[in-house]
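Keep in mind that the numbers below use all heavy atoms, side chains included, and drop hydrogens, waters and symmetry copies.
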Amino acid sequence: MDVLAELNPAQREAVEAISGPVLILAGPGSGKTRVITHRVAYLITVCGVSPLRIMAVTFTNKAAREMAERLFNLVSGSAEQLTLGTFHAICARILRQDGRALSIDPRYVIYDADDQQRLLKRAMQEIGIDPKQYAPPAVGAAISWAKSHMLAPADYVRRGRSYFEEIVSRCYERYQQLLTESNALDFDDLLMKTVQLFQKSPDILSRYQSRYLHILVDEFQDTNLVQYELVKQLAAGHRNICVVGDPDQSIYSWRSADLRNILSFESDYPDAKIVLLEQNYRSTKTILDTASSVISANAQRKPKNLWTDNEAGELARVVETYTEQEEAQFVVSEIERLVDVGEARLGDCSVMYRTNAQSRVIEEAFIRYGVPYKLVAGTRFYERREVKDVIAYLRLVHNPQDTVSLMRIVNVPGRGIGQQTLARLSEWARSLGIAPSEALRLLAGSPESDNAPEHPFSPRAARLLADFWTMVGDLMARSREMDLIALFDTVVESTGYRDYLASGEGGEERWENILELRGVAQEYRHLGPSEGLAALLEGVALVSDVDSLDETTDRVTLITLHQAKGLEFPVVFIVGMEERLLPHIRSFDDPAQMEEERRLCYVGITRAKRRLYLVYSFRRTLMGSSTLTRPSRFLEDIPRHLISTPGWWQEGTDRVTEAVYSWNRPPSDAPDRPREPVVPGELPHLKAGDHVRHTQFGEGVVVSCKEVRDDSEVTVAFVDQGVKRLLLSYAGLTKTS
DNA sequence: CGAAAGGCTCTTTTT
DNA sequence: GAGCCTTTCG
C-alpha cells in the first residue's frame with residue numbers, strides 16, 4: 001500500500017524528510033500519531049531501512065502498543081523488530097544488557113515511587129534527619145530533580161545553594177548508597193545511568209549509535225534534560241533524529257520536563273527541518289476555538305494558526321452545580337440523556353479532572369446510577385498491598401539484596417519478627433557495612449555453631465530471622481529451574497501468604513488480585529525460569545495506568561487531565577473548573593506554573609471531538625472541609641458566543657453559566673429551565689426554629705443560619721428528606737411560619 | 001510482639 | 001478524608 005496516500009501536504013513533508021534532524025510541531029488532533037507511524041512505515045517499505053535500526057520513543061507503553069498495532073497493519077510482520085517503548089523501558093533494557101560496565105548487576109530491580117519513598121525514609125533516618133522537618137516527598141523531589149539534570153550526589157553537593165540543598169545532598173548520598181547496596185535503580189536512575197554508561201564507555205555508545213540509523217521521539221515537549229541528552233548521544237553519529245511535540249501541551253514540568261528542549265533542539269541542530277501540523281481533524285470548530293481562546297492567554301508562547309474544516313458543531317456548555325455530589329450527578333444524568341437520545345455511546349464519553357481525589361465522588365454517582373465506567377487510576381493495581389507483597393517476594397528471590405522488598409515482607413505474614421528486631425538488624429548490618437539481607441545470610445549460614453557471628457539478637461529473634469532467610473534461600477534455589485508459574489504458586493503457598501490473605505479483611509478480593517497478577521506472570525512463562533522472572537519484574541515495574549485503558553468496552557472513562565494527553569473522546573466533561581483546583585492552588589504563586597495549568601486545561605478541551613462540558617461546583621469539600629468556590633479564571637477567556645446560553649449572566653464577567661441544581665431541575669419532559677436567582681434580601685432573614693417549605697424537599701425546620709460572603713447558608717431539617725444545607729439565595733425556600 | 005485506637009499532617013499531576 | 005505515625009493496651 002502507499003504509505004503517503006491520505007496524508008495532507010504538511011504530513012507528507014514530515015514523513016518524507018528522512019535524513020537529518022526534523023522538528024515536527026504538531027497541534028492537537030493534527031494527525032501526529034499518523035505521521036509517526038507512516039514515517040516508520042515509509043522508512044521500512046520505501047527506503048528499505050531494517051526495522052532493527054529504528055528506535056521510536058513514546059510517552060507510555062500504551063502509545064507504544066498502539067503504534068505497533070498500526071504499524072502491523074502498514075508493514076505487517078516487521079514491526080516487532082523495532083525498538084519501541086518509553087525512555088524508561090528502553091533504558092532498562094540497555095542497562096540490563098550493558099550495565100556491567102557501570103558495575104550494575106543485571107539482576108537489578110526497579111524501585112517505583114513507593115519503594116523510593118521507603119528507602120529514602122530509611123536513608124534519612126540513618127543519617128539522623130527528622131522527616132517532620134524535611135518532608136521525604138520534598139527531599140525525594142529534589143533528588144529526582146538532581147538526577148534529571150544528571151547531577152550525581154557529589155555534583156549536587158557542590159551546588160550548595162541553600163541549607164535545604166545541603167540537607168538534600170546528604171540524603172541523596174546515603175539514599176544512593178542504599179540503592180546500590182540493594183542492587184536497585186529508581187526511575188530516574190534508569191535514565192541517568194544510561195547516559196553515564198554512554199559517557200563512560202564510548203565503545204558501547206558507538207555500538208548503539210551505529211545500530212540506530214533513525215530515531216523518533218514523540219511528546220518531545222515533555223522530555224527532561226537527561227532524556228534529551230540521551231537522544232543527542234544516540235543521534236550523534238548519523239543525525240537522523242525526528243522529534244514531535246507541541247509546546248502548548250507541555251504539562252510535566254513537575255517531573256522536570258522542560259519545554260525549552262524544543263528551543264534547544266533548534267539551536268543544537270540549526271539545520272533542522274521544521275514542519276508545522278496545524279490542521280485539526282479531531283474537533284468541531286467551536287471546540288477548537290474554545291481551546292484556542294484559553295491557550296491564547298498564555299504569555300510565554302508562540303502563537304499558532306490552528307484551523308479545521310470540521311463543522312461548527314454544538315456550543316460548549318458551562319455548568320454550575322451546588323455541590324460536588326450534584327456535579328457528579330449532573331455528569332451521569334447528562335451522559336444518560338446523550339445515550340438515550342442516541343447522541344453518544346457510553347464509550348464515547350469521558351470525565352476529566354485535575355486531581356485523583358475528585359474521582360471518588362464521580363465514581364460513587366456512576367455506581368449509584370448503575371452506569372458502567374472505567375477508572376484509569378483508581379487504587380492502581382500494582383500499588384495494591386497484596387500485589388506489592390507478592391511482587392516483593394518475587395523480587396527478593398530474584399535479587400536477594402533488595403532491602404525494600406525484604407523489609408516489606410519479612411514479617412508478612414506475621415512471623416514474630418517485630419520492629420525492635422528489625423531496627424537491630426538494620427543497625428547491625430550498617431555497622432558491618434553490608435546490606436540487611438547479607439547480614440541475614442551471615443546469621444542463617446551458621447546458626448548454632450560456635451563460630452556464629454556476634455549479633456545483637458535474642459536467641460528467639462535470631463532463630464526467627466534465620467528461619468525466614470532459610471525459606472528465602474530455598475525459594476531462590478528452586479527458582480533457578482522452576483517454571484515461573486510454579487514458582488509463583490510456591491511463593492504464595494510456602495510463605496504462608498495465601499493463608500494470611502484468607503484470614504484477613506477482604507481476603508476474597510485480594511486473592512482475586514493475586515490471581516490476576518498470576519495471569520500477568522503467565523505471559524512471561526515462555527521465557528524460561530530466570531529470564532521469565534526478570535522480564536516479569538521489569539514489566540510490572542514500568543507499567544503506567546493508561547496502559548491498561550481498554551478502548552473496546554462501552555463504558556465511560558474517568559481520567560485525570562494528565563492521563564488524558566494523547567487520547568480523544570467524542571464527549572468530554574471537565575469537572576472542577578474552579579479556582580484552586582484548575583488552576584490548582586499550588587500554581588498561584590508561580591506564573592510559569594500557572595501557564596502550565598492553562599495548558600492542562602487546553603489539553604483537556606482539545607481531547608473533545610463533538611461535545612464539551614465545563615462544569616464546576618458552587619461548594620466543594622477539600623481536605624475534609626466544605627468551602628465556597630470561584631469559577632476558574634480559564635472560563636473567563638472563552639468568548640460568549642461559543643457557550644450555550646440557557647443560563648444567566650454573571651455580573652461583571654463575560655461569562656454565561658447554566659445552573660443545574662437538582663431541586664429545581666425541571667421534569668424530564670420539559671426543556672432545561674434557567675433558574676431565577678433570588679436576590680438576597682427578598683426573603684426575611686431566617687433563624688433557627690423557623691418553618692420553611694422547599695419546592696422539592698417539602699416541609700422543614702431551620703436548624704441554623706450562617707452568613708457566608710454576601711449570602712446565607714441555611715441548614716434545614718426536612719420532614720422526609722433529612723437535614724440539608726442550602727444557600728439562601730438559590731434554594732427557593734418559602735417561610736411558612 | 002501485635003492489634004487497635006487516636007492524633008497528626010497534608011493533599012497535583014506520573015514514567 | 002485518608003493515610004501515616006505514634007501510643008496504648010492486651
Here DNA chain B, pairs taken as Watson-Crick or G-U under 3.5 Å and shown with ( ), [ ] when crossing and | when to another strand, reads ||||||||||.....
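- Arg599(A) comes within 4.0 angstrom of nothing in the nucleic acid, heavy atoms only.
- Put simply, Tyr252(A) does not rest on the base of dT13(B): the two rings are not both less than 5.5 Å apart at their centres and under 30° in tilt.
- Atom-to-atom, CD of Glu383(A) to P of dT14(B) comes out at 10 Å; the value is rounded to the nearest Å.
- The residue among Ala89(A) and Arg415(A) whose nearest nucleotide of DNA chain B is located toward the 5' end is Arg415(A).
- One can place CG of Asp222(A) at 11 Å from C1' of dT13(B), the figure rounded to the nearest angstrom.
- Under 4.0 angstrom from either OP1 or OP2 of dC1(B) there lies at least one side-chain N or O belonging to Thr421(A).
- Within 4.0 Å (heavy atoms only), Ile417(A) reaches sugar-phosphate atoms of the nucleic acid but no base atom.
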Protein within reach of the bases, or only the backbone? For nucleotides 2-10 of chain C, mark each nucleotide 5' to 3' as B, S or -, using heavy atoms under 4.0 Å. --SS-----
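- One interatomic measurement links the two molecules: CG of Leu191(A) to C1' of dT14(B), which rounds to 13 Å at whole-angstrom precision.
- Atom P of nucleotide dT15(B) and atom CG of Leu542(A) are separated by 10 Å, given to the nearest angstrom.
- Applying the salt bridge (charged side-chain N to carboxylate O under 4.0 Å, His left out) criterion to Arg360(A), with sequence neighbours excluded, gives Glu364(A).
- Residue Asn411(A) places no side-chain N or O under 4.0 Å from the OP1 or OP2 atom of dC1(B).
- Nucleotide dT14(B) holds its C1' atom 15 Å from the CD atom of Gln221(A), rounded to whole Å.
- A sub-4.0 Å separation between OP1 or OP2 of dT13(B) and a side-chain N or O of Asn356(A) is present.
- Checked against side chain to side chain contact (heavy atoms under 4.5 Å, CB included), Asp130(A) has the following partners two or more places apart in sequence or in another chain: Lys132(A), Gln133(A).
- Where His584(A) and Gly418(A) meet DNA chain B, the nucleotide closest to each residue was compared, and Gly418(A) sits on the side nearer the 5' end.
- Between Thr621(A) and dG1(C), a side-chain N or O to OP1/OP2 separation shorter than 4.0 Å is absent.
- Phe457(A) has its CZ atom 11 Å from the P atom of dC1(B), to the nearest Å.
- Applying the salt bridge (charged side-chain N to carboxylate O under 4.0 Å, His left out) criterion to Asp248(A), with sequence neighbours excluded, gives Arg301(A), Lys304(A).
- The interatomic distance linking Leu622(A) (CG) with dG1(C) (C1') rounds to 11 Å, in whole Å.
- Residue Phe220(A) contributes atom CZ, which lies 20 Å from atom P of dT15(B) at whole-angstrom precision.
- A cation-pi arrangement is absent between Arg510(A) and Tyr497(A), since the terminal nitrogen or guanidinium carbon is not both under 6.0 Å from the aromatic centre and inside a 45° cone about the axis.
- Within the 4.0 angstrom heavy-atom criterion, only backbone atoms of the sugar-phosphate kind lie near Gln420(A); the bases stay farther away.
- For the pair Ser250(A) (side chain) and Pro247(A) (backbone), a donor-acceptor distance under 3.5 Å is absent.
- Annotation: side chain to side chain contact (heavy atoms under 4.5 Å, CB included) contacts of Glu126(A) (sequence neighbours excluded): Arg122(A), Arg174(A), Leu178(A), Arg430(A).
- The pair Asp115(A)-Arg408(A) does not count as a salt bridge, with every side-chain nitrogen at least 4.0 angstrom from each carboxylate oxygen.
- For Pro131(A), the side chain to side chain contact (heavy atoms under 4.5 Å, CB included) partners are Pro136(A), not counting sequence neighbours.
- Here Gln325(A) pairs with Thr323(A), Val361(A) under the side chain to side chain contact (heavy atoms under 4.5 Å, CB included) rule; sequence neighbours left out.
- Residues forming a salt bridge (charged side-chain N to carboxylate O under 4.0 Å, His left out) with Arg580(A) (at least two apart in sequence, or on another chain): none.
- Within 4.0 Å of Gln593(A), counting heavy atoms only, lies at least one base atom of the nucleic acid.
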